[in-house]
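A quick write-up on the structure given underneath.
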Amino acid sequence: MYQQITLVGNLGNDPELRHAPSGDPVTNFSVATKKVWTGQDGQRQEKTVWFRVSAWQRLAETCSQYLSKGGRVLVIGELEEADVWTDADGNARADLKVRARTVRFLSSRDEGNAMSEGQAAYGNGQHAPSSDSNGGEGIPF
């Protein structure tokens, strides 16, 4: 069996780097995803869903170094846990935890992040080639 979740959203807080009892680095951060649509009544609707993300090992260190609150990211990982409950006002709430395998930094340097748009950090700590790594021809196909 296999499951994967892909998120594109913005960081809700600065990442927190800690070390597990084993000594392995782990970085935790929250990601907000937003869906916007027009309802049948013609009114704009929107829904925000929050995810708690953990990154481990080298990926944890890279995320801690380069990510910051408000930055846009793409996270590929697996859903570890989902707790659903009803708050005091009767609204359904969920706590969704994701373990990241890949994190791509989508915000540009101008937006306050240290990596330029189009670069990424992968689970193994390597960076993706820039968009003109194919000889400046644009799309590689």
Side-chain angles (χ1 to χ4, degrees), residues 1-40 42-141:
M1 298 292 185
Y2 179 78
Q3 56 103 357
Q4 175 177 297
I5 187 167
T6 303
L7 310 170
V8 175
N10 294 83
L11 267 70
N13 59 348
D14 286 332
E16 296 179 23
L17 176 66
R18 298 186 179 162
H19 289 83
S22 63
D24 293 335
V26 58
T27 295
N28 295 302
F29 53 92
S30 61
V31 174
T33 62
K34 185 179 357 179
K35 177 181 177 181
V36 179
W37 72 97
T38 302
Q40 290 182 352
Q43 296 295 316
R44 179 184 165 165
Q45 307 284 322
E46 74 177 52
K47 180 178 182 178
T48 301
V49 177
W50 287 89
F51 295 85
R52 292 195 302 158
V53 179
S54 63
W56 291 78
Q57 304 292 342
R58 179 71 183 123
L59 182 58
E61 294 168 346
T62 305
C63 287
S64 174
Q65 183 177 1
Y66 292 111
L67 293 178
S68 61
K69 180 178 179 177
R72 182 174 290 276
V73 294
L74 178 141
V75 175
I76 300 172
E78 54 193 60
L79 189 63
E80 285 192 321
E81 188 176 334
D83 296 323
V84 181
W85 74 95
T86 303
D87 67 12
D89 297 327
N91 298 315
R93 300 288 182 197
D95 186 17
L96 305 167
K97 298 176 187 171
V98 174
R99 182 172 180 151
R101 285 192 309 261
T102 301
V103 176
R104 291 185 184 224
F105 309 129
L106 303 178
S107 295
S108 69
R109 291 178 194 253
D110 295 337
E111 293 173 281
N113 286 326
M115 296 190 77
S116 64
E117 192 170 338
Q119 290 184 320
Y122 292 93
N124 61 8
Q126 296 180 351
H127 297 294
S130 67
S131 57
D132 21 305
S133 63
N134 60 356
E137 295 181 20
I139 300 175
F141 52 86

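Between E78 and Y2, the closest side-chain pair of non-hydrogen atoms is not below 4.5 Å. Counting only heavy atoms from C-beta outward, the side chains of N13 and F29 approach each other to under 4.5 Å. L106 places none of its side-chain heavy atoms less than 4.5 Å from the side chain of V73. With a 4.5 Å cut-off on side-chain heavy atoms, R44 and V36 count as touching.
In terms of modelled atom types and a separation under 3.5 Å, the side chain of E61 and the main chain of P25 share no donor-acceptor contact. Judged by distance alone, with hydrogens and angles left aside, the side-chain atoms of D89 form no donor-acceptor pair with the main-chain N or O of N91 at under 3.5 Å.
Rounded to the nearest 0.5 angstrom, T27 OG1 and Q57 CD are separated by 11.0 Å. Atoms OG1 and CG, on T62 and L67 in that order, are 9.0 Å from each other to the nearest 0.5 Å. Here N10 contributes atom CG and S107 contributes atom OG; the two are 6.5 Å apart, rounded to the nearest 0.5 Å. Note: R101 CZ to I5 CD1 = 10.5 Å, rounded to the nearest 0.5 Å. The CZ atom of R18 lies 11.5 Å from the OG atom of S64; values are rounded to the nearest 0.5 Å. With values rounded to the nearest 0.5 angstrom, E81 atom CD is found 10.0 Å from L96 atom CG.
Considering all non-hydrogen atoms of both residues, A32 and T48 come closest at CB-CG2, 3.9 Å. Across all non-hydrogen atoms, the minimal contact from W50 to S30 is CZ3-OG, 3.6 Å. The shortest heavy-atom contact between R52 and D95 is NH2-OD2, 2.7 Å. Residues A60 and A55 come closest through the heavy atom pair CB-O, 3.1 Å. The two residues G39 and Q45 come nearest to each other via the heavy atoms N-CG, 3.8 Å. In terms of heavy atoms, K69 sits closest to G12 at CE-O, 3.6 Å.
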*Yes or no on side chain to side chain contact (heavy atoms under 4.5 Å, CB included) for Q4 and I76, after CA distance, side-chain angles and deciding distance?*
CA-CA 7 Å; Q4 175 177 297; I76 300 172; 3.6 Å; yes
